[in-house]
Trainee: 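Handing you a structure now.
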Amino acid sequence: MSYSDKVLDHYSNPRNVGSLDKSSQDVGTGLVGAPECGDVMKLQIKVNPQTSVIEDAKFKTFGCGSAIASSSLATEWVKGKTVEEALQIKNTEIVKELSLPPVKIHCSVLAEDAIRAAIHDWKKKNNGVAQNVPATTEARQ
Amino acid sequence: MSTDVKTIPQEQHIAPNGIKLPIYMDNHATTPMDPRVLEEMLPYFMEKFGNAASRNHSFGWAAEEGVETARERIAKLVGATTKEIIFTSGATESDNLAIKGVAEMYKEKGNHIITAVTEHKAVLDTCKRLEKYGYRVTYLPVQKDGLVDLDDLKRAMDDKTILVTIMAANNEIGVLQPWTEIGKLCRERGIIFHTDATQAVGKVPVDVNKQNIDVMSISAHKMYGPKGVGALYVRRKNPRVQISPIIDGGGHERGMRSGTLNVPGIVGLGKACAIATEEMPKESCHLAGLRNRLRDKIMGRLDEVYINGTMEHRLPGNLNISFAYVEGESLLMGINDIAVSSGSACTSATLEPSYVLKALGTGDDLAHSSIRFGLGRFNTEAEVDYVADRVVETVQRLRELSPLYEMAKEGVDLKSVKWAAE
């Protein structure tokens, strides 16, 4: 298996590893994947209630190097975006940025799902406006 | 692939403590050749290049002499006679010849074959092919420790059973099946017992008479010999076993395996066996010592680490362990200067973990996070210490990254979680 330099970099120096308080009103948590399938991602966002800007993001991932890199990259990308902007992030952009081979595309899909799940969770906590957000799609394609 | 791709492992380099990297610890896949084996082989490429089947000149005689010395050495290692050793291209061919050869020869007697689910693909796929030709195959399950249950075996035997094929040592988890007892059960019922002893010969004592073995596959490159050469032991007496050839031609190897002999390879296999006969007692102690050191250094510093397969009946150089809450491929990535194998096949599109570990009842999650360490003749204590340190550091780092480890530490029962992907 070969990995791109960017995957190796995220694997060796993952960004934004950690956890936020999932009971906090400002925090949305997404947990996607399954242990049996070989990857589980937890992605959390802390959203400014006034501006809807994602001020902080943390992740933890059980999975291969590409899964770790995809979720690490996802936290970098969502930070500073509004939730609506973050929802525009597509798995194909992650594939491109990390030069993921075809067998690793599911890692990027999972990362996109994790972003959506975290936003969904945050919206649900805040006035139940979550119905505008597409629910988590199937983790694997 | 784009241009900015790095291949793992990287080129050879030296660790701060003087260890050469990468470290090879995948000796069940193949072994490096012993320099003494190479030295023995070299004359048979240029000077003694003759065809061992050429009977009327000295070139042929010299080659034949090399082959016959090798035959004696192999026979000696496993307690056989020289006429019972047939040379092949390797263990895959030996398995094919044994199983197809017996099936064909004894088809009047019966059509039932018994094997086990943890066999090598060379055995399983051969059996599957025979099923297409009308043979009936029973695939025995294994117990949690990786061993077949002798009562299961007894129950599976019927009056149509002609062959039992069960490996001596497993290539993934290194467990040693109870061959002596399996052989005895077969002998009592007049059933032929074949064992794929690829991983066992040269590593643990093998005696075809004491262990009631009728047909046995042997490979050179798993015991510090060259690739592309192997042997099949076929019993001549008590009982005499006959096999039909699968390759037709000049009638070499008493008609069982036609084709000009790979003389240098055979000489190498012979020398590898001679070294094993001489050095096995000392070497197996050395390997078991290294293996246990590796196990203790890893398990002493990490929780939730599980050994796959029994430690009691096992190859001295094998350690197969699962690290809960980390994923196999990322673990291998973290120890990319160490050559080992993973039970995870998640680099393939199927995402299917090892069928051997699954047969033991290991969950998919633990099967994905397993590593096979195969220690060999040339591994050192310093290498073992380096490997243990790297594994422990990497697992700790990945667990810090793992949401599953975090949840487990918070007391969440992971089995009760409703996962999105299910």
Side-chain angles (χ1 to χ4, degrees), chain A residues 1-9 11-12 14 17-19 22 29-44 58-69 71-72 96 98-107 109-110 113-114 116-117 135-141, chain B residues 1-10 323-334 336 342-353 358 362-370 394-395 397-410 412 414-415 417-422:
Chain A
M1 191 74 210
S2 299
Y3 302 95
S4 68
D5 284 341
K6 280 180 181 162
V7 169
L8 288 175
D9 181 39
Y11 172 82
S12 306
V17 176
S19 297
K22 61 174 178 257
T29 300
L31 183 68
V32 294
E36 294 74 29
C37 306
D39 27 32
V40 175
M41 288 179 189
K42 186 186 80 167
L43 193 143
Q44 293 181 300
K58 296 278 184 202
F59 87 99
K60 284 201 174 193
T61 288
F62 161 87
C64 65
S66 302
I68 291 171
S71 39
S72 171
K96 202 172 156 209
L98 297 175
S99 313
L100 297 181
V103 294
K104 295 299 182 188
I105 287 173
H106 68 269
C107 299
V109 174
L110 207 56
D113 286 347
R116 287 171 182 276
T136 304
T137 52
E138 271 304 302
R140 284 186 183 283
Q141 295 189 332
Chain B
M1 284 282 139
S2 57
T3 49
D4 60 340
V5 164
K6 269 188 193 143
T7 306
I8 289 173
Q10 293 121 354
F323 301 88
Y325 315 119
V326 300
E327 187 274 339
E329 194 183 321
S330 59
L331 180 52
L332 287 188
M333 218 172 145
N336 64 356
S342 168
S344 170
C346 104
T347 46
S348 74
T350 59
L351 298 152
E352 271 299 303
K358 286 185 83 167
T362 307
D364 280 7
D365 47 346
L366 282 178
H368 274 303
S369 74
S370 73
T394 304
V395 170
R397 193 174 85 79
L398 290 173
R399 281 182 175 172
E400 282 305 305
L401 258 177
S402 169
L404 302 179
Y405 191 64
E406 181 183 61
M407 289 163 82
K409 291 289 139 186
E410 285 168 0
V412 176
L414 295 175
K415 299 252 184 300
V417 176
K418 204 174 172 311
W419 299 102
E422 279 179 337

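Each chain gets a letter, A, B and so on, in the order its sequence line appears, and its residues count up from 1. This one's a predicted model, so the numbers in the text were calculated from it and none came from an experiment.
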Trainee: Looking only at non-hydrogen atoms, find the nearest pair between B/Ser330 and A/Gly65 and report the distance.
Mentor: CB-N, 4.0 Å
Trainee: Taking all non-hydrogen atoms of both residues, which atom of B/His368 and which atom of A/Pro35 are closest, and how far apart?
Mentor: CD2-O, 4.5 Å
Trainee: Please tell me if the side chains of B/Glu327 and A/Val40 come closer than 4.5 Å, counting only heavy atoms from C-beta onward.
Mentor: no
Trainee: Kindly indicate whether the side chain of A/Pro14, heavy atoms from C-beta on, has any atom under 4.5 Å from the side chain of B/Arg397.
Mentor: yes
Trainee: Taking side chain as everything from C-beta outward and backbone as N, CA, C, O, which of these in A/Ser71 sits under 4.5 Å from a heavy atom of chain B? Side chain, backbone, both or neither.
Mentor: neither
Trainee: Under a 4.5 Å heavy-atom cut-off, does chain A meet the side chain of B/Tyr325, its backbone, both or neither?
Mentor: backbone
Trainee: Applying side chain to side chain contact (heavy atoms under 4.5 Å, CB included), can you list everything that pairs with A/Lys96, at least two apart in sequence or on another chain?
Mentor: none
Trainee: So, the side chain of B/Tyr405 versus the backbone of A/Phe62: is there a donor-acceptor pair under 3.5 Å, distance only?
Mentor: no
Trainee: Does A/Ser19 have any side chain to side chain contact (heavy atoms under 4.5 Å, CB included) partners at least two apart in sequence or in another chain, and if so, which?
Mentor: A/Lys42, A/Gln44, A/Lys60, B/Glu406
Trainee: Enter the distance from A/Tyr11:OH to B/Met333:CE here, rounded to the nearest 0.5 Å.
Mentor: 6.0 Å
Trainee: Go through the atoms of A/Val17 and report whether side chain, backbone, both or neither lie under 4.5 Å from a heavy atom of chain B.
Mentor: side chain
Trainee: Please examine the side chains of B/Met407 and A/Leu31, heavy atoms only from C-beta on, and report whether any two atoms are closer than 4.5 Å.
Mentor: yes
Trainee: Which atom names give the shortest non-hydrogen contact between A/Ala34 and B/Trp419, and what distance separates them?
Mentor: CB-CB, 3.6 Å
Trainee: Rounded to the nearest 0.5 Å, how far does SG of A/Cys64 lie from CG of B/Leu331?
Mentor: 12.5 Å
